[in-house]
Amino acid sequence: MANLGILASGSGSNFQAIAESLENNKLHKISCLICDRKNAYAITRAKNLNIKVYYVSYFNRTKEDAENEINKILVNENCNLIALAGFMRIFSPYFVEKWENKIINIHPSLLPKHPGAHGIEDSYNSGDKELGVTIHYVDKGMDTGPIIYQESFQKGDLSLVEVENSIHALEHKIYPQILIKKLNSIL
Ligand code: GAR
């Protein structure tokens, strides 16, 4: 059994999809969710799912200080792998080196196109005919790092809301699958 730590900043729908898949799969465990926003809905989801949740504030302290706290939690919880699920911060090189090849992120565009916080809107407004989702290892950049998996679909006549729904449905399908594969290769 491998232990997955998840970091999220927002709604946590990907966190929930991963939690439900791991619950069915039974082979691996989510050790904890770590949130950098006190009011993130992801915290409510974790409580409802009986998953241990930590709030780590970045307010009034250095990034390194907050990352040290995150690192301590992940080590104490025996995490073998970290999944970012809408965690909207960039780690310092020090943190990335500590967890090299052990941090995975999901992004709602076909990277390297449209990195950043508005991947769906930026893709939608770009004129691209093909839209999609990327799962990749985290390196020192923003939404960069070696790509593990991408899946795409045709934009066609879809509205922005329809595209958002399609992207999220795709994320909820592929992220748990890729993470389980990676967890299987660890233990
Ligand atoms: C997801 O669409 C994820 O791809 C995106 O944040 C959303 C989180 O949704 N991540 C990024 O944009 C990373 N740059 P969720 O909180 O419902 O899982």
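In this text the structure is predicted, and so the values were computed from the model without any measurement. Throughout, residue positions are numbered sequentially from 1 according to the sequence presented. Counting starts at 1 for both ligands and their atoms, in listed order.
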Side chain to side chain donor-acceptor pair (under 3.5 Å) between R45 and S11, intermediate numbers included: CA-CA 9 Å; R45 292 187 198 261; S11 152; 2.9 Å; yes

CA sep, side-chain torsions, deciding dist, call: K98, E67, salt bridge (Lys or Arg N to Asp or Glu O under 4.0 Å): CA-CA 11 Å; K98 239 186 207 316; E67 287 179 352; over 6 Å; no

Side chain to side chain donor-acceptor pair (under 3.5 Å) between E69 and Y54, worked out: CA-CA 10 Å; E69 187 181 340; Y54 296 89; over 6 Å; no

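Under 3.5 Å, the side chains of Y94 and K63 contain no donor-acceptor pair of N or O atoms.
Of the protein's non-hydrogen atoms, P108 CD, 3.8 Å is the one closest to atom 5 (C) of ligand 1. Of all protein heavy atoms, the one lying nearest to atom 17 (O) of ligand 1 is S13 OG, 2.5 Å. Remark: minimum distance from atom 9 (O) of ligand 1 to any protein heavy atom is reached at N14 ND2, 3.9 Å. At the shortest separation from atom 10 (N) of ligand 1 among protein heavy atoms lies I106 O, 3.6 Å. Of the protein's non-hydrogen atoms, the one nearest atom 16 (O) of ligand 1 is G12 N, 2.7 Å. Of the protein's non-hydrogen atoms, the one nearest atom 8 (C) of ligand 1 is G86 CA, 3.6 Å. Atom 11 (C) of ligand 1 has M88 CE, 3.6 Å as its closest protein atom, hydrogens excluded (heavy atom only).
Close approach to D143 involves these atoms of ligand 1, each under 4.0 Å from a residue heavy atom: 13 (C), 14 (N). Close approach to G116 involves these atoms of ligand 1, each under 4.0 Å from a residue heavy atom: 12 (O), 14 (N). With ligand atoms numbered from 1 in the order given, ligand 1 contributes 16 (O), 17 (O) to contacts under 4.0 Å with heavy atoms of S11. Remark: ligand 1 atoms within the under-4.0 Å shell around heavy atoms of H168 are 2 (O).
Looking at Y124, its side chain never comes within 3.5 Å of a backbone N or O of K155 through a donor-acceptor pair.
Distances from atom 4 (O) of ligand 1 to the heavy atoms of H114, H107, E171 put E171 nearest.
Here the shortest heavy-atom pairing between N105 and D143 reads ND2-OD1, 3.2 Å.
Stacking of R89 on the aromatic ring of Y58 is recorded, both the 6.0 Å distance cut-off and the 45° axial limit being met.
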